[in-house]
Every structure is written in structure tokens, then in C-alpha cells.
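Residue numbers begin at 1 in each chain, while the letters A, B, ... track the order of the sequences. Because the structure is predicted, anything quoted here is derived from the model rather than measured.
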Amino acid sequence: MRTHTCGDLRSEHIGQTVSLCGWVAKRREHGEKLAFVDLRDFSGVVQCVVDNDVDVRSEWVVRVTGVVRARPAGTENSTLATGQVEVGECRVEVLNIAEPPPFPIDARADEVDEGIRLRHRYLDIRRERMQRNLRVRARVNSSIRAAMERQGFVEVETPFLMPSTPEGAREFLVPSRKEPGSFFALPQSPQLWKQLLMVAGVDRYYQIARCLRDEDLRADRQYEFMQLDAEMSFVTQDDVLAAISEAVMAAAESVTGVRPPEIERITWREAMERFGVDKPDLRFGMELVELTDVFSATEFKAFAGAASIKAIRVDAATYPEQAAYGRNKLDALTDRAKKLGAKGLVWLKVVADGQVESPVAKFLSDLERSELLARTHATEGDLVLVVADDWATTCEVLGQLRNDIGRPPVHEGPYRYVWVVYFPLFVGADPNTGRPRPGHHPFCHPHPDDIDKFESDPLSVRALAYDLVLNGWELGSGSIRIHEPELQRKVFNALGISDEEADRRFGFFLQPFKYGAPPHGGFAFGIDRLTAILAGEENIREVIAFPKTQSGADPMTNAPTPVDAGQLAELGLRLLPPPAQ
RNA sequence: GGUCCCGUGGUGAAGUUGGAGUUCACGCCGGCCUGUCAAGCCGGAGGUCGCGGGUUCGAGUCCCGUCGGGACCGCCA
């Protein structure tokens, strides 16, 4: 039906007779004998000059046949890729009429309520922004596939219907028709399958896999999301990191045209010490400064005896507004710190001559004050925020405040990828059992140097577990897995899981490991998140064709919907009465 | 489960101390217009102020509830 696409016409096409198909983006009439019709398809927009009276309106579907010609001098449009040319002597064939759209099919729809965009997603996707985002996503997918294939990974598809496992995220359940009362679960991730594929000798598995988790939605979370899921046999942590880095860098290069530099690494411990979070945003400074020893003999009660005292400096030159916060804002920051778990927040404003203005100024010795300013490099106009608490609380609270105050929107460059390695194997204590809980999942391999600390100091045991972080967003995580039954039992014991319980909860998973499991490890990262950042979006819904709203519904199809009684009966289900008012 | 923000013709906004469904821009319909480009000029149509209740002589405005959308906390091993 067409010889070219709208967005592709350039001066080199001048003189050619072309046929184009698309939607009427805009019509500008100048009397009966002249009209400009902007024709849009996926590739862009081109101006068609119609000098006969054809009635075409917004979003009508038309086929235009005409001759490409240079625009008359002075009428070129530099804001349009096709703006040097136009299609003249146009014959317009109406292929379909259309009602006026509920919102303009152009950049103005960026301001339209997202619910309305989602209700008419097929119109939203006609827009350049969405066309671009879907194509970015396609490039990400295909370059990841190519990178994994290049490295010898084999794509294996795994089941969508699998047994429910109570661990981890809440699952979507699928009732069984043939076995009423029994259910399948949809995969939170292909974790189970990929480790079995290692036992099965596949050696290098990957899949661009859909994962489903019935947890509350966020800007970076949907019920359904896509992961690059991979697993490798006979590898070290370095091998896994290298393979995944290659896929990520290839994906980034395919979108931005620039291959990112080698992805840097930081230990979990260092991330917490310097940035106060396990997904540090390296695009800005404001790092945490260690002050514990400065106040080792302080008279100031709130600092005396604190296990950890740290500060961040809000630089007046970089953050003039925040550094000059008044009393109300500082009180709000203090409330925020308390909500995050700190006992309090001490703020100090640096004034002239190394003096500070602070509610606690009179409690600090001259030496303490001058050392605090020296360590934080604070100068006149800067704001210093200090937290004194246990190590984890101090780090986490200041890390959150650092993000609150300084973090740019996630999509703003430069892109700063970082591997966070050696996560703790165990975290905190289960409030019920008093035992430590797994930091990641109970199959992570402990760091070989730390295995003798299981009993003496379990919380200091590092895992061969790692996260990939981009601009403060967690892209994904992985680990080297335990393949030795004896070590696995040791980890279960530390977690307070008996052999019997382990067998009951994980037996179907552990049984195959008895038949010769190779050393293996893997990784999974979220393609929606990577795509959003590479596309310059701060919300993964913008890179998903048909996403759900925050409440988990689809305004276009109205899913989820009730089903009729017959469907329920066939599945052996009956609904509970609605909860009382 | 919780905190906060938003909801006014098709779209986006404004609406002051509670005083007439009022206003602006875009879109839509009709007319004019031969070089515009988010064209211009003239005219017109279009409303359950999300919904329900309350306070009041009177509610878009205040209060309570509810629905929908969004950000976040919990949750996401």
C-alpha cells in the first residue's frame, strides 16, 4: 500500500512519487484550495500539501500519493526531521474515519492524567514517546539475547504453572480444574528451574522471563515484569559478574550508542559506610563521614557512648536551598530521621569563623567542633546533619536523608552502574525464633573465608551474593549457590531450620542436588527498570505497552473482573461473602 | 494495612472569606481564509464540579465517608 514511511522522507527523495499511509496528525486549512495535512505513522510526521478539497480530520486513516518536493524557500520547518521537504500534488484516499481522540496524540498528552492514557492506551502508543520507548525496549531485549548467545548461553523456556512455595513474594494462584482444591502458582522467578537446569548439565542457561509477584505496585514495580534470568555452572563470582556486565553494557550501548565503562564494584559494607544504602546512587557525593572517635569522650549525652556517629554535609554551593533550610524544614528532617528509626537528628549550620549555629552547639567542645568541621570539610553556609545510633541505623538514616536531599531523578545522566558485592549471608533476627534470617535466600554460598564464623558471629558472615545498581535503582541480584549438601545443612542449622523442616519445605528442590550438582551461580535483572532508565523515563509503566495502575487494575480492559458462577463451580471454588461493613 | 497529593465541559488549568455552573487555553461543530506548521479571524455547542452523606439560608469551596489516579512506607526471601 505504501512506498515509504512518513518519517523517512528527506531531500534525497525530491522528485519521487510516493505513497504513504498513516493517521492525520493535524490539518491546517487555507480556504478551499489549500490545506496542509501532517501525516503520521510510527516513523514520524511529514507535511502533505492538498490543493483539492478533501475532508480529512484528526486521526482519520489515509493513504496519500504525491510527489516529494523541496519546501518553498523560507517555509522549511527545522523542528521536523522531514522539515526540508513536503509531499505535493496529493491524492488522498480515506481508509477509515475516526472519532476525535480523547486527548491530543502528541507531546501534550504527557500532561494528561495517566489513567486516561491507560484507558486509551492504543491511542497513547500512537505517540512518538511511546513508539520510541517500545522500540528502546525491543533493542534492549534483542541486544541482551545477542550478548547471551555470544557467550554460549542456551535459551530454555521454563513452566508458568508450578507448585506453590511459601517462601518469598506472594504468589498468583491458578486453581486446578482436574484437581479441585489444588492450585498452581505462577513463577515469582524461574529460580527453581534454572538451578535444576544446572544439575541437568545445561551449563549456561538464560531466559528473558516473565515473573509475577502479587505485591503492591510502585513506580518501579508491576505485578508482571521481565527479567534477564541466567545461571552458569563451574564458575566463580567474577565469571557471573563478567557475563551479566556484558549483557547490560551491550543493552546500554544499543540504546545510547555508547558502551559504558567497565562496571565498578563496591562491597556491601563499603556501600553502607559511604552511602548508607545497599543500592548507592553514585551520581552525587554527600558521602557519610565517620565521626565516632571524635566524640569518644564527649560530654554531650546524645553522642556519649553511641556505637556509631556519622554525618553528611549539605554543600551550600551544590544545594543552596537545602543548606539554608529554616527551622521548620529542619524539624521536618528530624521527624523524618525519627520515622526512619533514629533516636534523633543533630543539625549544625556553619557560620563565619568556624562557628556553628545549632541547638546542641553549647554541648560541643571547641576540639569536637573543629574536628567535626575538618572531617566533613564543612565551610560557611553548609549544613551538617549528624546521627548517633547503632551502626546500621546511623548508616541507613543518613543514607536515606542523603537520597532525600541530593538524589536527582533516576533517568538523569550520567549512568552510574555499580556491582555491590558480598552482601551479608544473614540479617537481623527473626522476631519469633530469635534466629538470623537469610539476607537473600537460604541457598546463597557463604564467603569461603567466613565459614568458621557461623556460630561465633553469624551476622558478619559474607555471602557470595551481589546486586547490580544503576543510579540508585536496584536492577537485579544474584549469587553463587550452595551445591554441597553438608554446607547447605550448616546454613539451615544457623537459620534454625532442622533437617526435617528443610526436607519438608525445600525437599523437591534439594532432592535433585543429591545426584551431582555442579558448582553454579547466576543472576537476574529487571529489564523494565533498565529500559526505563535508558529511555529517560522514571516510571516503568512508560516502557510497558499495557501496564497496570498502582491499584493493580487495567483501566482499558477493566481486569480483574468477576467471573460467573459456572466458571467457579468448574474449578471447585465458592466465594466468601464480602467482608462486613 | 498506613501516610501524603490529586479529581471542575473531550483535554489541561483557574475558581479569593462559603454567595448564580463562573473563567482561560486547547480540542470539537459551522463560516471565512492560497504557505501554514501545536496556523489565523468570526460564530456556536458542550457540565451529575468523581460519588454519597453532613454543616449552612446558601457548598466546586467546610466536615465525614467512599470510588478512581499518583508518590511513598509496610510488603517485594
query = Given A:H520, which of A:H483, A:R481, A:H445, A:Q195 fulfils the side chain to side chain donor-acceptor pair (under 3.5 Å) condition?
reply = A:Q195
ask   = Watson-Crick or G-U wobble partner for B:rG65, using a 3.5 Å limit on both distances?
value = B:rC51
request  = Please state whether the phosphate of B:rA71, meaning OP1 or OP2, lies under 4.0 angstrom from any side-chain nitrogen or oxygen of A:N539.
outcome  = yes
request  = Between B:rC75 and B:rG70, how far apart are the P atoms? Round to whole Å, please.
outcome  = 22 Å
query = In chain order, what residues pass the salt bridge (Lys or Arg N to Asp or Glu O under 4.0 Å) check against A:D281, with sequence neighbours excluded?
reply = A:R283, A:R407
Would you be so kind as to tabulate the donor-acceptor pairs closer than 3.5 Å made by side chains of residues 555-562 of chain A, with sequence neighbours excluded?
| from | atom 1 | to | atom 2 | distance (Å) |
| --- | --- | --- | --- | --- |
| A:T557 | OG1 | A:D554 | OD2 | 2.9 |
| A:T557 | OG1 | A:A559 | N | 3.2 |

query = Do the side-chain N or O atoms of A:Q188 get closer than 4.0 angstrom to the phosphate oxygens (OP1, OP2) of B:rC76?
reply = no
Span that lies between the P atom of B:rG52 and that of B:rG43, in whole angstrom = 37 Å
Return the polar atom pairs (N/O with N/O) between nucleotides 31-33 of chain B and the protein under 3.5 Å, or none.
| from | atom 1 | to | atom 2 | distance (Å) |
| --- | --- | --- | --- | --- |
| B:rC33 | N3 | A:E29 | O | 3.4 |
| B:rC33 | N3 | A:G31 | N | 3.0 |

request  = Report yes or no: is there a donor-acceptor pair, N or O only, under 3.5 Å between the side chain of A:R218 and the base of B:rG74?
outcome  = yes
inquiry  = Mind checking if A:R336 touches a base, just sugar-phosphate, or nothing, with heavy atoms under 4.0 Å?
reply    = nothing
message = Categorize A:E114 for me: base, sugar-phosphate, or nothing, with a 4.0 angstrom heavy-atom threshold over every strand shown.
response = sugar-phosphate
key: Proximity of A:H4 and A:H13 rings by center, below 6.0 Å   = yes
ask   = Using the C1' atom in both, what is the distance from B:rG15 to B:rC57, to the nearest Å?
value = 23 Å
query = Does A:D38 get its side chain close enough to the base of B:rC37, under 3.5 Å, for a donor-acceptor pair?
reply = no
request  = Indicate, with a heavy-atom threshold strictly under 4.0 Å, whether A:E76 touches base, sugar-phosphate, or nothing.
outcome  = base
Sequence neighbours excluded - ring pair (Phe, Tyr, Trp, His ring centres under 6.0 Å) pairs with any residue from residues 30-77 of chain A = A:H30-A:F36
key: Strand partner of B:rC41, provided both Watson-Crick or wobble distances fall under 3.5 Å   = B:rG31
task = Return the orientation label for the A:Y122 and A:H120 ring planes: parallel under 30°, perpendicular over 60°, tilted otherwise.
result = perpendicular
note = Going 5' to 3' through nucleotides 3-12 of chain B and flagging B where a protein heavy-atom sits under 4.0 Å of the base, S where only the sugar-phosphate is that close, and - otherwise, we get -------SSS
task = Compute the ring centroids of A:F160 and A:F184, then answer whether they are less than 6.0 Å apart.
result = no
query = Taking the same atom, P, in B:rU61 and in B:rC6, what whole-Å distance lies between them?
reply = 14 Å
key: Spacing between A:D214 atom CG and B:rC75 atom P, to the nearest angstrom   = 16 Å
Gap between atoms CZ and C1', on A:R27 and B:rC29 respectively (whole Å) = 11 Å
request  = Measure the spacing between CG of A:D450 and CG of A:D457 and express it to the nearest 0.5 Å.
outcome  = 9.0 Å
ask   = Expressed as a whole number of Å, how far does the P atom of B:rU22 sit from that of B:rG46?
value = 13 Å
task = Once you apply the 3.5 Å cut-off to both distances, tell me the Watson-Crick or G-U wobble partner of B:rU16, or none.
result = none
query = Just checking A:E538: base, sugar-phosphate only, or nothing, at a heavy-atom cut-off of under 4.0 Å?
reply = nothing
Non-neighbouring partners of A:C211 that pass side chain to side chain contact (heavy atoms under 4.5 Å, CB included), sequence neighbours left out = A:S189, A:P190, A:F225, A:Q227
key: Integer-rounded Å distance: B:rG30 C1' and A:D55 CG   = 12 Å
task = List the steps, then state whether ring-ring contact (aromatic ring centres under 6.0 Å, His included) holds for A:H447 with A:Y422.
result = CA-CA 8 Å; A:H447 194 293; A:Y422 301 143; 4.9 Å; yes
request  = Identify which nucleotide among B:rA38, B:rU34, B:rG70 has an atom closest to any side-chain atom of A:K33, counting heavy atoms from C-beta outward.
outcome  = B:rU34
ask   = Which nucleotide in the list B:rU36, B:rG27, B:rG69 gets nearest to the side chain of A:E86?
value = B:rU36
request  = Would you tell me if any nitrogen or oxygen in the side chain of A:S551 comes within less than 4.0 Å of OP1 or OP2 on B:rG68?
outcome  = no
ask   = Between the base of B:rC75 and the side chain of A:R213, is there a donor-acceptor distance below 3.5 Å?
value = no
